[in-house]
S.K.: 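The following block contains the structure, expressed as structure tokens.
All of these numbers come straight from a predicted model, not from anything done at the bench. Whatever order the structure lists ligands and atoms in, that order sets their numbers, starting from 1. Residue indices begin at 1 and follow the sequence shown.
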Amino acid sequence: MDSSFPLESPSMSRRQFLNFLTGSAVAVTVGSALYVYGQVFVPPQEVSDTGGTLAKDKNGTPIPASQILAEPPGTRALVAGIAGEPTYLTVTDNQVLDSVGIVNDCTHLGCTFPWNPFDKQFQCPCHGSRFAADGTVERGPANRPLKLVHVNVQGDAIWLYPWTENDPRTGKTPWWV
Ligand code: FES
């Protein structure tokens, strides 16, 4: 990882960054299909007139959709999302990006976590919480589903939008709204 990367990023605390490193190390260990190991975070974030944020890499460069879609179905690509939050994007079986993104921020105490492609779960290394592919809790101590964002591909640009309507997993107002 680039040692010159600033820890004092304005959109990410030192704790969040260290959590991210922890999660990424585990991702490699389990052979996760993380698309961009370590390629996260660098603001500033640019927000469009419609409230969209471009998905970016660690250098703050927008990531083309075609770059992620060159990966096989089932790939979880980790990008810098809204306000710099690490966010998983999924390559679907139809070789498009899923319209739902999963924020990489454990709802227990905020650790980041890898995708385990063998168990098909997000598995938090801190206290063992496990989440289904849609972010639903499968094992605690976390007791809330993972935060969602909307993913909208326009041309080759990947735009992320806040999720403010009902959570499709619970049918209720999301906990983060
Ligand atoms: Fe993820 Fe505790 S922070 S299980």
S.K.: Can you see which heavy atom on Trp163 is nearest to which on Pro174, and at what distance?
M.R.: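 Nearest pair, atom of Trp163 first, then Pro174: CD1-CG, 4.2 Å.
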S.K.: Distance under 4.0 Å to a non-hydrogen atom of Ser129: what atoms of ligand 1 satisfy this?
M.R.: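 Heavy-atom distances to Ser129 below 4.0 Å select 4 (S).
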S.K.: From the options Asn152, Thr53, Thr50, select the one residue that forms a side-chain hydrogen bond (donor to acceptor under 3.5 Å, both in side chains) with Tyr161.
M.R.: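 The residue from Asn152, Thr53, Thr50 that satisfies side-chain hydrogen bond (donor to acceptor under 3.5 Å, both in side chains) with Tyr161 turns out to be Thr50.
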S.K.: Applying the side chain to side chain contact (heavy atoms under 4.5 Å, CB included) criterion to Val91, which one of Thr75, Val96, Asp98 satisfies it?
M.R.: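 That would be Thr75; it is the only one of Thr75, Val96, Asp98 passing the side chain to side chain contact (heavy atoms under 4.5 Å, CB included) with Val91.
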S.K.: If the cut-off is 2.8 Å, does any N/O/S atom of Cys111 fall short of it from atom 2 (Fe) of ligand 1?
M.R.: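 Checking atom 2 (Fe) of ligand 1 against Cys111, no N, O or S atom falls under 2.8 Å.
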S.K.: Check whether any side-chain N or O of Trp175 sits under 3.5 Å from a backbone N or O of Pro145 as a donor-acceptor pair, and report yes or no.
M.R.: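 Indeed, once roles are kept as given, a pair shorter than 3.5 Å links the two residues.
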S.K.: To the nearest 10 degrees, how large is the angle at atom 1 (Fe) of ligand 1 between Cys124 SG and Cys106 SG?
M.R.: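 The angle at atom 1 (Fe) of ligand 1 comes to 110°, rounded to the nearest 10°.
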S.K.: What N/O/S atom of His108 is the closest to atom 2 (Fe) of ligand 1?
M.R.: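 In His108, the N, O or S atom with the shortest distance to atom 2 (Fe) of ligand 1 is ND1.
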S.K.: Within a strict 4.5 Å, meaning less than it, do heavy atoms of the Ile68 and Ile63 side chains meet?
M.R.: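 A side-chain contact exists here, since the closest heavy-atom pair is under 4.5 Å.
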S.K.: Starting from atom 3 (S) of ligand 1, find the nearest protein heavy-atom neighbour and note its residue, name and distance.
M.R.: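 I find the closest protein heavy atom is Leu109 N, 3.3 Å.
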S.K.: For atom 2 (Fe) of ligand 1, give me the closest N/O/S atom belonging to His127, just the atom name.
M.R.: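 This turns out to be ND1.
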